[in-house]
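Written below as structure tokens is the structure these notes are about.
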Amino acid sequence: MPALSKQEKQELISEVLAAYPEEARAEREKHLYVNDPEMESTTKCLTANRKSQPGVMTARGCAYAGSKGVVWGPVKDMVHISHGPVGCGQYSWGTRRNYSTGSTGIDNFVVMQVTSDFQERDIVFGGDKKLEQMIREIKEIFPLAKGITIQSECPIGLIGDDIEAVAKRMSAELNMPIVPVRCEGFRGVSQSLGHHLANDTVRDHVLGTAEPADSTDYDVAIIGDYNIGGDAWASRIILEEMGLRVIAQWSGDGTLNEMQTTHKAKLNLVHCYRSMNYIARHMEEKYGIPWLEYNFFGPTKIEESVRAIAAKFDKKVQDKAEEVIASHKGRMQAVLDKYRPRLEGKKVMLYVGGLRPRHVIGAYEDLGMEIIGTGYEFGHNDDYDRTLKEAGDATLIYDDVTAYELEAFAENMRPDVIGAGVKEKYVFQKMGIPFRQMHSWDYSGPYHGYDGFEIFARDMDMAVNAPAYKLMKAPWKNA
Amino acid sequence: MQEALNIKDHNGLFELERYKESQEAKKAFEKWPTEDEIEKVRAYTCSDEYKEKNFGRTALTINPAKACQPLGAIFAAAGFDGCLPYVHGSQGCTAYFRSHFNRHFKEPFAAVSDSMTEDAAVFGGHKNMIAGLKNAYALYKPKMIAVSSTCMAEVIGDDLNAFIKNAKKAESVPADFPVPFAHTPSFVGSHVTGYDNMLKGILFQLTQGVEKAPADNGKVNIIPGFDGFAVGNIQEIKRILKLMGVDSIVLADNSDVLDTPLDGTYKMYAGGTTIEEVKAAKNARATFALLPDSVEKATKTLIKDEWAQQFFASIPLGLAGTDAWLMKLSEVTGKEIPAELERERGKALDAMTDSNYYLHGKRFAIFGDPSYAEALTDFYMELGAEPVHIVVTNGSKKWAKAFNKKLSESSFGKGGKVHQGADLWHLRSLMISEPVDFLVGSTHGKQIAKELDVPLIRIGFPIFDRHHLHRYPTFGYRGIINILTWTVNAILDDLDRKATFNNDFVR
């Protein structure tokens, strides 16, 4: 299928929106546009981070998902209470693949569903007493837990519970950090507010409350890498090869101590800007720590980022950075030699969270693939601004796209592969379009770093060139 | 020339020395406990003292085996032709429900939310319902929208009936468009309760104005219940009913929409019980609910009282379970059990004797929903296996008491105990103090199974980490062969893996 022109894509948007009732259409129009890299900013063509329209089938989650699921959940030596009814913790239990070392239930509590399992009486009489008792029980049951977070579910903010008071009291009683997070699912418009609230609670309760054993000029922190399939490990190893010391990982495979001592980093390296720019800005203001956005998807972006990071340090690091780049060249070329011919010219549509809709574009381009549509579930305008130059001319951009729109776009543009979430996966596979989950790496990964790119290339080939899709039509149906 | 590409993903990559070194060095920044400290705590968590503390918990729930009501509600709603499940409340819930089903069935799962936010928390979700029904109706062109609710909407006391009426007045949907509803607070009961409430809501609403005929129409209704094996089981039950010559209506038949072919088109609505069938169901001769826990209150009351129908709730699983179910069906319909089913029964029994020696006397633990846990326990006892720990987080005390009594009266079951209201962290303590040979349950059992090196037989919900199991029935005589195959082969795999000198080709 020939690629659609800018004009045709604009028409496609209007066509698709025609199905909406007027009010919803007027709102949805502000979330769809065709990219023009010449634009300075997206403020004129896009409104992002707005409420989803009721009833349209948004893929978005909630503030609890942003706090418990994304920011706090991966901190491995703390117990995260899903405070409220049983469901939220149940559905987010062990499904995000933020890997960590340690023994579950002994010194690591990531893949556990710890809940107050609210019953009707808790709603009626309040849950503060139960919470207090729970916290004492956690201390007994998990002696190696270094701290506790309280992740509020919807009812907490509606029934007037004072979790802050409970946290303060119990923190003093048990002599450990207990962090109340007001991430009730009805707050904000998506996961995004949950990230922000979680960042604020790290700032208020954790950051700067312990000092590191020692300090060097080469201390950096990885901010906004959730170690999906081991991403942070594959990134850390590059930084270490450059001669840097990674004193903290936020928050994949992270620990309380790392978060407490990050204020002594010399540079904060921000991967997921959307979910953790808040804490990076705070550390810049309060501690004067500079921060740098980087991108470890695909060799082109990795090289750019490695050099940009090294430029913040001395010649020793810069020389090592060149060595690192040189040492991976051959291997990366071998990966490209194998996979690029199989993927060259293939068209990709993306719909992911708050970072990857722009960050993975370079990795696809390294493989000769073309992004024809991309969008964020919970991006803000600054994310779309950062996408202007990353996405090519005439790329279709969709914010908080509805299932209806995304299906219609895919049907019309027929990409060779779609990268989105599990709710989208099976829809597009039924349509005969190969698919990769780009939140969970479809149970693969890591995709970050040099090691990750090999896997990424292999996985895209597995999707695009899966023989099964070519067998869709029964042979007796062929003309 | 480069070495041949040997790409290692997460399964092998982090075993490489350079990663092990990197992770080891990271421990200094983690302030990670020493090996000694960790081993001390590990040993402590395996002690009797710890078990007592663990069972002394009064407020803390760790790794429960249950989910919340609206999950069950949209599962029931998905079983009706052209029905769009609609969840009134915060939007994150619906994202979670959908992905939960996606991961289990590896299929699309359509459902909408009306995305209530802070303003709705203050003023109620009335506006959201009006706009939500309008948008959903326009975009997804359903034949019916089934509304359930999240805990947010329930806490603020939104009135679904009034909101839907007002939405109809506001012409969000036509006045005669069916919008059944059910209040499904997540702080009451569990996912099976939500199934019950939503099913009742749909059956009630769609049969309003349907006259109760003086004579029944000879059909029987089948209610499959909240079943992770719904696809395989509904197809199997339909096959059995066909063999019996029984005319039936499956109420909430989601076996097609959760099992669509890859043919180049996505069909959001695929199969399911039609509105006409639901109307006919009111005048059926009898209703058979296959999972008693899924119809416990609301649906049972509707069918017995309002529909004035014979109502049977029993699970056709295991030999005696299937026998009893077929005999009751035969009695109610007057249709004989055909020779073919008797042959199938004989084949199942044949398979049971083939595998007997690997199962007789084996001790097992099981967790899951009450109906499944009980029926599976009964079946494993037919194989001579002995239940030890039965953990059910939902279910009722009354049910547990009756089940415990039944166990105490069985020579195989007398060593077993039902722990109603317990969770999987309790189960861990139980399995440490009284070890078993195998564990039966959902994917959530894999941590215990791995830690204690016990094979996990995946029967339950959710099963995220194995493929296609839901396509196989657990019900009927064919179901017996499936359960038996999974169980005996898991035990044999375990035996082979642990064998030192014994490398028998024949087992």
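So you know, we letter chains A, B, ... as the sequences are listed, proteins then strands, and number each from 1.
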Subject >> Side-chain heavy-atom pair S82(A), E153(A) within 4.5 angstrom cut-off >> reply: yes
Subject >> Pair R331(A) + D451(A), salt bridge at N-O below 4.0 Å >> reply: no
**OP:** Answer with yes or no whether the side chains of S190(B) and Q69(B) bring together a donor and an acceptor at under 3.5 Å.
**Re:** no
Subject >> Which portion of E407(A) sits near chain B, non-hydrogen atoms under 4.5 angstrom >> reply: side chain
**OP:** With a 4.5 angstrom heavy-atom cut-off, could you sort out which part of I141(A) is near chain B: side chain, backbone, both or neither?
**Re:** both
Subject >> Among the listed options P462(B), S99(B), G125(B), the residue most often paired with chain A at heavy-atom distances under 4.5 Å >> reply: S99(B)
Subject >> Part of T265(B) within contact of chain A (heavy atom distance under 4.5 Å) >> reply: backbone
Original post:
Which pair of heavy atoms, one from A457(A) and one from V335(A), lies closest together, and at what distance?
Top reply: CB-CG1, 3.7 Å
Original post:
Of the backbone (N, CA, C, O) and the side chain (C-beta and beyond), which part of K51(A) lies under 4.5 Å from a heavy atom of chain B, both, or neither?
Top reply: side chain
**OP:** Please confirm whether the backbone N or O of P33(B) pairs with a side-chain atom of D107(A), one donor and one acceptor, at under 3.5 Å?
**Re:** no
**OP:** Between chain A and each of T117(B), I62(B), N63(B), I7(B), count heavy-atom pairs under 4.5 Å; write down the option with the most.
**Re:** N63(B)
Original post:
Side chain, backbone, both or neither: which part of S90(B) has a heavy atom under 4.5 Å from chain A?
Top reply: side chain
**OP:** For each of E451(B), E21(B), M116(B), Q447(B), tally heavy-atom pairs with chain A at distances under 4.5 Å, and name the one with the top tally.
**Re:** Q447(B)
Original post:
So which of K8(B), K27(B), E154(B), K31(B) has the biggest tally of heavy-atom pairs under 4.5 Å with chain A?
Top reply: K31(B)
**OP:** Find the one option among A59(B), G92(B), A95(B) whose heavy-atom pairs under 4.5 Å with chain A are most numerous.
**Re:** A59(B)
Subject >> Minimal non-hydrogen separation, P21(A) against N135(B), with atom names >> reply: CG-OD1, 3.3 Å
Subject >> Region of R28(A) in contact with chain B, defined by heavy-atom distances below 4.5 Å >> reply: neither
**OP:** Could you tell me how the ring of Y447(A) sits relative to the ring of F456(A): parallel (under 30°), tilted (30 to 60°) or perpendicular (over 60°)?
**Re:** perpendicular
Original post:
Do R428(B) and W425(B) meet the cation-pi criteria used here (NZ or CZ under 6.0 Å from the six-membered ring centre, within 45° of the axis)?
Top reply: yes
Original post:
Non-hydrogen atoms of chain A under 4.5 Å away: do they reach the side chain of K26(B), the backbone, both or neither?
Top reply: both
Original post:
Parallel, tilted or perpendicular: which fits the ring planes of Y20(A) and Y404(A), with parallel below 30° and perpendicular above 60°?
Top reply: perpendicular
**OP:** Would you sort out whether F464(B) and H100(B) count as a ring-ring contact (aromatic ring centres under 6.0 Å, His included), showing the intermediate values?
**Re:** CA-CA 9 Å; F464(B) 291 156; H100(B) 216 59; 5.1 Å; yes
Subject >> K51(B): side chain to side chain donor-acceptor pair (under 3.5 Å) partners, not counting sequence neighbours >> reply: S433(B)
Subject >> Y86(B) side chain to D114(B) side chain, donor-acceptor N/O pair below 3.5 angstrom >> reply: yes
**OP:** Find the one option among L60(B), I38(B), V112(B), N54(B) whose heavy-atom pairs under 4.5 Å with chain A are most numerous.
**Re:** L60(B)
Original post:
With side chains defined as the heavy atoms from C-beta onward, is the minimum distance between K66(B) and H191(B) less than 4.5 Å?
Top reply: yes
Original post:
Between V189(A) and chain B, which part of the residue has a heavy atom less than 4.5 Å away: side chain, backbone, both or neither?
Top reply: backbone
Original post:
Considering only heavy atoms, which portion of T261(A) lies under 4.5 Å from any heavy atom of chain B: side chain, backbone, both, or neither?
Top reply: neither
Subject >> Proximal component of T443(B), with respect to chain A [non-hydrogen, under 4.5 Å] >> reply: neither
Original post:
Measuring heavy-atom distances to chain B, does F109(A) have an atom under 4.5 Å in its side chain, in its backbone, in both, or in neither?
Top reply: neither
**OP:** Side chain from CB out, backbone as N, CA, C, O: work out which of these in P185(B) comes under 4.5 Å of a heavy atom of chain A, or both, or neither.
**Re:** neither
Subject >> D253(A) versus chain B, the contacting section by heavy-atom distance below 4.5 Å >> reply: both
Original post:
Side chain, backbone, both or neither: which part of Q249(A) has a heavy atom under 4.5 Å from chain B?
Top reply: side chain
Original post:
Side chain, backbone, both or neither: which part of Q23(B) has a heavy atom under 4.5 Å from chain A?
Top reply: side chain
**OP:** Tell me, for K129(A) versus chain B, whether the close heavy atoms (under 4.5 Å) come from the side chain, the backbone, both or neither.
**Re:** neither
**OP:** Just grab all the side chain to side chain donor-acceptor pair (under 3.5 Å) pairs involving residues 33-43 of chain B, residues at least two apart or on different chains.
**Re:** S103(A)-R42(B), T34(B)-E37(B), E39(B)-R42(B)
Subject >> Under 4.5 Å from a heavy atom of chain A, the part of L424(B) involved >> reply: side chain
Original post:
chain A heavy atoms under 4.5 Å from Y140(B): which part of the residue, side chain, backbone, both or neither?
Top reply: side chain
